[in-house]
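First the proteins, then the strands, lettered A, B, ... as listed; each starts at 1.
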Amino acid sequence: MRNIPVNPFESLVAPILAAFPELDADDLSFGTPPKLDMGDVAIPMFLAAKKLKSPPPKLAAEAAQKVEFGSEVTEAKPMGPYLNLRLNRGAIGRKIVAGVLEAGERFGSSGSGKGTKVVLEHTSINPNASPHVGRARNAMIGDSLARLFRFEDYDVEVHYYVNDMGRQIGLLVLIADELQNLTFDQILDAYVAANERAKEDEAFAQAGYELLAKMEQGDPETQKRFTAVTDLCLKGQLEVLTRLGGTYDVFDHESKYVKDARLDALVEKLKEKDAVFIDDDKRLVVDLSKIGHELEEGRYFVLLRGNGSSMYGFRDLAYTLDKQALGADINMMVLGEDHKLYAQQLGLILAAAGHPVPEPIYYSYILLKDGKMSTRQGKVVLLSDFLDEAATLAQERVAEQCTDLSKEEQQVIAEQVAVAAIRFSILRVTPNKNVIFDMEENMKFVGDTGPYIQYSCARINSMMRKIAGEVSDVPAEKFNTTSDAEWALLTKIAEFPNVVSGGLKQRTCAPIANYTLELSRLFSSFYNECPVLKAKTESLMMARLQICKATLQTLTNALDILGIEAPERM
RNA sequence: GCGCCCGUAGCUCAGCUGGAUAGAGCGCUUGCCUCCGGAGCAAGAGGCCACAGGUUCGAAUCCUGUCGGGCGCGCCA
């Protein structure tokens, strides 16, 4: 299918350039005035004024006089530094609707990612407990980013790094042996207990290290025991993450990267720069100050323990090289803010050894109203708990609203509402800000929420169900949509491609989430002010139905990027 | 102590590649279901955009400092 660039104001460019030959298209942009009574579209004159060395207000006045706009412009007047135009809204609106409906599910994508491969690693939760919403922020950000890049035709491969190594897993394995038939629900308690005990029980802690050493040496029996525990965890975690709509292409196990010939070469490169040494405890340590790290804090990076076993970072380097061997053009990973220094350190090492440096996407922690989450104090919101409770509440609403649907159908919808609530509340916040998560607020489904967006979609679907036949994708020549509510909605729809490209550039879906809110609000106003099925004329009804269809298409495309499904009824 | 991120309405957040009168939601006050789905709409109250300087014709947006919060800083992953 063809990508339709919807730039409804394109036809206004040529007349301006004709009047001012010194300018080119890049000097012009189109925006919405703060109030619609100031004009339908505003053209800021700052850039053009700079080029022509004339004050913006003077240029705006001059342009209003000089430019010969065609029939699409009914009035041009300068307002300060802006040239505000009043337009033939029907003609421009028709272009917008036609563009959206022709592009369909591709509307918003410019397809610029075609032929570009992306490897994106995200989630990678330690196998120790059911994920809470804080951990899940990684999964939601990562999954939506994958969807965003795929929407733009990038070839995206999602990787999940399974931390099936390390001392803590060793301890967990020991505890698991004692308890027998460990279940996923018991793992967190077991994990906490194991770490507590290791603090007091020297022999137990030592046994953990020994087990880890055997694991590294490749002892098959030990590997089996580790795998049994980590698989149990991963399976349980994935069950919850899948409920959220997350998908993963490849699972990489940390234990695969204990020994890697490429690391020897990497260490050699560091030696050439005099950046590695063996310390008094026989550890292999990188001195990052030799390869660009300026501060004393975080200067040293340990690769191998005194007994020769590898540290997490050492394995991670091997893993990174392995991912790079896949030949992706873009290598991204979603990391918590606590990994910032660590990722920088890895980056320095990779760069010093002549390897490319992956691109990190950072996010900050989710806080609760009364402070930080604490697994040990039980001050957490488990993702599965939120989804269960939210789905129960949604189910009650759906049962009232959709009495003719089966219980199973109602449950499917309720689950979609619950997922929308959590994904939207997390995704709409800028990733590098802390979010304060309020369980109750997020359970109300009112106001600036995912369910509100879904509700807009359900209303449109409801109208579509009531009419006989299909709504044509080709608007009639006569497209008499002139009200402010219609115009505001249409221009917002036309913004979508820019929102997508902005998100791609900034590597975040937050602007897309906020866009769906703005669009839904404008739709609700339109819906309230403009009768659709009861419009005064047949042609007006059709035009409005087409606006509704274009709105639904845009919302659907945006929600798809966010990983939120829009049920036809709710 | 040092480094990175953040500070916008009572609360939760938009807006930040500098541009018109700083926007939503929740909560509070008022209207609106004999009208396409009230998970909604319309209106009101509520802001020294943390504070202090600077750059600019113009700063919530850029720079510096202060204060407040989050995160990190050599055998955890």
Answer yes or no: are there more than 12 heavy-atom neighbours, outside A:Lys290 itself, under 6.0 Å from its atom NZ? yes
Per A:Tyr82 side chain, nearest of listed nucleotides B:G37, B:C41, B:G19: B:G19
Could you check whether any side-chain heavy atom of A:Ser425 comes within less than 4.5 Å of a side-chain heavy atom of A:Thr449, counting everything from C-beta outward? no
Of the candidates B:C75, B:G3, B:A77, the side chain of A:Arg315 sits closest to B:A77
With a 4.0 Å limit, can you tell me whether A:Tyr452 has a side-chain N or O closer than that to the phosphate oxygens OP1/OP2 of B:C41? yes
For A:Met165, which contact category applies under a 4.0 Å heavy-atom criterion: base, sugar-phosphate, or nothing? sugar-phosphate
Could you tell me if the side chain of A:Met165 sits less than 4.5 Å from the side chain of A:Leu212, heavy atoms only? yes
Could you tell me whether the phosphate oxygens of B:C76, OP1 or OP2, come under 4.0 Å of any side-chain nitrogen or oxygen in A:Tyr209? yes
Should A:Arg428 be listed as having a side-chain N or O under 4.0 Å from OP1 or OP2 of B:C13? no
Does a side-chain N or O from A:Ser524 land closer than 4.0 Å to OP1 or OP2 of B:C41, or not? yes
Within 6.0 angstrom of A:Asp404 CG, more than 12 heavy atoms from elsewhere: yes
Heavy atoms under 4.0 Å, any strand shown: does A:Lys35 hit a base, just sugar-phosphate, or nothing? nothing
Need one value for A:Ser525: base, sugar-phosphate or nothing, where a base atom within 4.0 Å counts as base even if backbone is also close, heavy atoms only. sugar-phosphate
Between B:G15 and B:G54, how far apart are the C1' atoms? Round to whole Å, please. 24 Å
Give a yes or no on whether A:Lys369 atom NZ has more than 12 heavy-atom contacts from other residues, nucleotides or ligands under 6.0 Å away. no
Indicate, with yes or no, if the rings of A:Tyr300 and A:Phe277 have centres closer together than 6.0 Å. yes
Remember a base hit wins even if backbone is also touched, and classify A:Arg569 as base, sugar-phosphate or nothing at under 4.0 Å, heavy atoms. base
Within 45 degrees of the axis of the six-membered ring of A:Tyr365 and under 6.0 Å from its centre: does A:Arg137 put its NZ or CZ there? no
Check this one for me: any side-chain N or O of A:Arg459 less than 4.0 Å away from OP1 or OP2 of B:G38? yes
Check this for me: does the side-chain of A:Asn84 come within 3.5 Å of the base of B:A20 through a donor and an acceptor? yes
Just checking A:Val398: base, sugar-phosphate only, or nothing, at a heavy-atom cut-off of under 4.0 Å? base
Pairwise P distance, B:U61 and B:A52 [rounded to whole Å]: 13 Å
Which nucleotide wins on minimum distance to the side chain of A:Asp281, given the candidates B:A77, B:A39, B:C75? B:C75
For the C1' atoms, the ones on B:C6 and on B:U12, what distance do you get once it is rounded to whole angstrom? 15 Å
Is the gap between the ring centers of A:Phe314 and A:Phe301 under 6.0 Å? no
Let's see if you can work this out: which of B:C13, B:A42, B:C36 has an atom nearest to the side-chain heavy atoms of A:Ile436? B:C13
It should be established whether A:Lys433 places a side-chain nitrogen or oxygen under 4.0 Å from OP1 or OP2 of nucleotide B:G7. yes
Just checking A:Tyr342: base, sugar-phosphate only, or nothing, at a heavy-atom cut-off of under 4.0 Å? base
For RNA chain B, write out the stems as range with range, using runs of 3 or more consecutive Watson-Crick or G-U pairs with both distances under 3.5 Å. B:1-7 with B:67-73, B:10-13 with B:23-26, B:28-32 with B:40-44, B:50-54 with B:62-66
Choose from B:A77, B:A20, B:G25 the nucleotide whose nearest atom is closest to any side-chain atom of A:Glu254. B:A77
Check whether the side chain of A:Glu337 and the base of B:G72 form a donor-acceptor pair under 3.5 Å. no
From the candidates B:A77, B:A24, B:A14, the one with an atom nearest any side-chain atom of A:Val429 is B:A14
Base, sugar-phosphate, or nothing: which does A:Val532 touch, judged by heavy atoms less than 4.0 Å apart? base
Expressed in whole Å, how much space separates the C1' atoms belonging to B:G23 and B:A77? 42 Å
Within the structure shown, what part of the strands sits under 4.0 Å from A:Ala510 by heavy-atom distance: base, sugar-phosphate, or nothing? nothing
Examine A:Tyr515 together with A:Phe496 and report whether their ring centres are nearer than 6.0 Å. yes
Using the rule side chain to side chain contact (heavy atoms under 4.5 Å, CB included), only one of A:Glu409, A:Glu415, A:Gln410, A:Gln416 pairs with A:Val412; which is it? A:Gln416
Interatomic distance at P, B:C16 relative to B:C63, whole Å: 15 Å
Strictly below 4.0 Å, N to O, side chains only: are A:Glu518 and A:Arg521 in salt-bridge contact? no
Against the side chain of A:Tyr300, the closest entry in B:G37, B:A77, B:G74 is B:G74
What does the list of N/O pairs under 3.5 Å between the protein and nucleotides 60-68 of chain B look like, with a distance for each?
none

Roughly how far apart, to the nearest Å, are B:C76 and B:U55 at atom C1'? 46 Å
Just checking A:Gly298: base, sugar-phosphate only, or nothing, at a heavy-atom cut-off of under 4.0 Å? sugar-phosphate
I want to know whether A:Phe437 and A:Phe386 have ring centres closer than 6.0 Å. yes
What nucleic acid atoms does A:Thr430 come within less than 4.0 Å of, heavy atoms only: base, sugar-phosphate, or nothing? sugar-phosphate
Checking B:A24, B:G40, B:A20 against the side chain of A:Asp448 (C-beta onward), the nearest is B:A24
Using the C1' atom as the point on both nucleotides, what is the distance between B:U66 and B:G7, in whole Å? 14 Å
Look at all strands and tell whether A:Cys548 reaches a base, only sugar-phosphate, or nothing, counting heavy atoms closer than 4.0 Å. nothing
Which part of the nucleic acid, if any, lies within contact of A:Asn432, taking any heavy atom under 4.0 Å across all strands shown: a base, the sugar-phosphate backbone alone, or nothing? sugar-phosphate
Hey, is the side chain of A:Lys505 poking within less than 4.0 Å of OP1 or OP2 on B:U17, counting only N and O atoms? no
At under 4.0 Å between heavy atoms, what does A:Arg167 touch on the DNA or RNA strands: base, sugar-phosphate, or nothing? sugar-phosphate
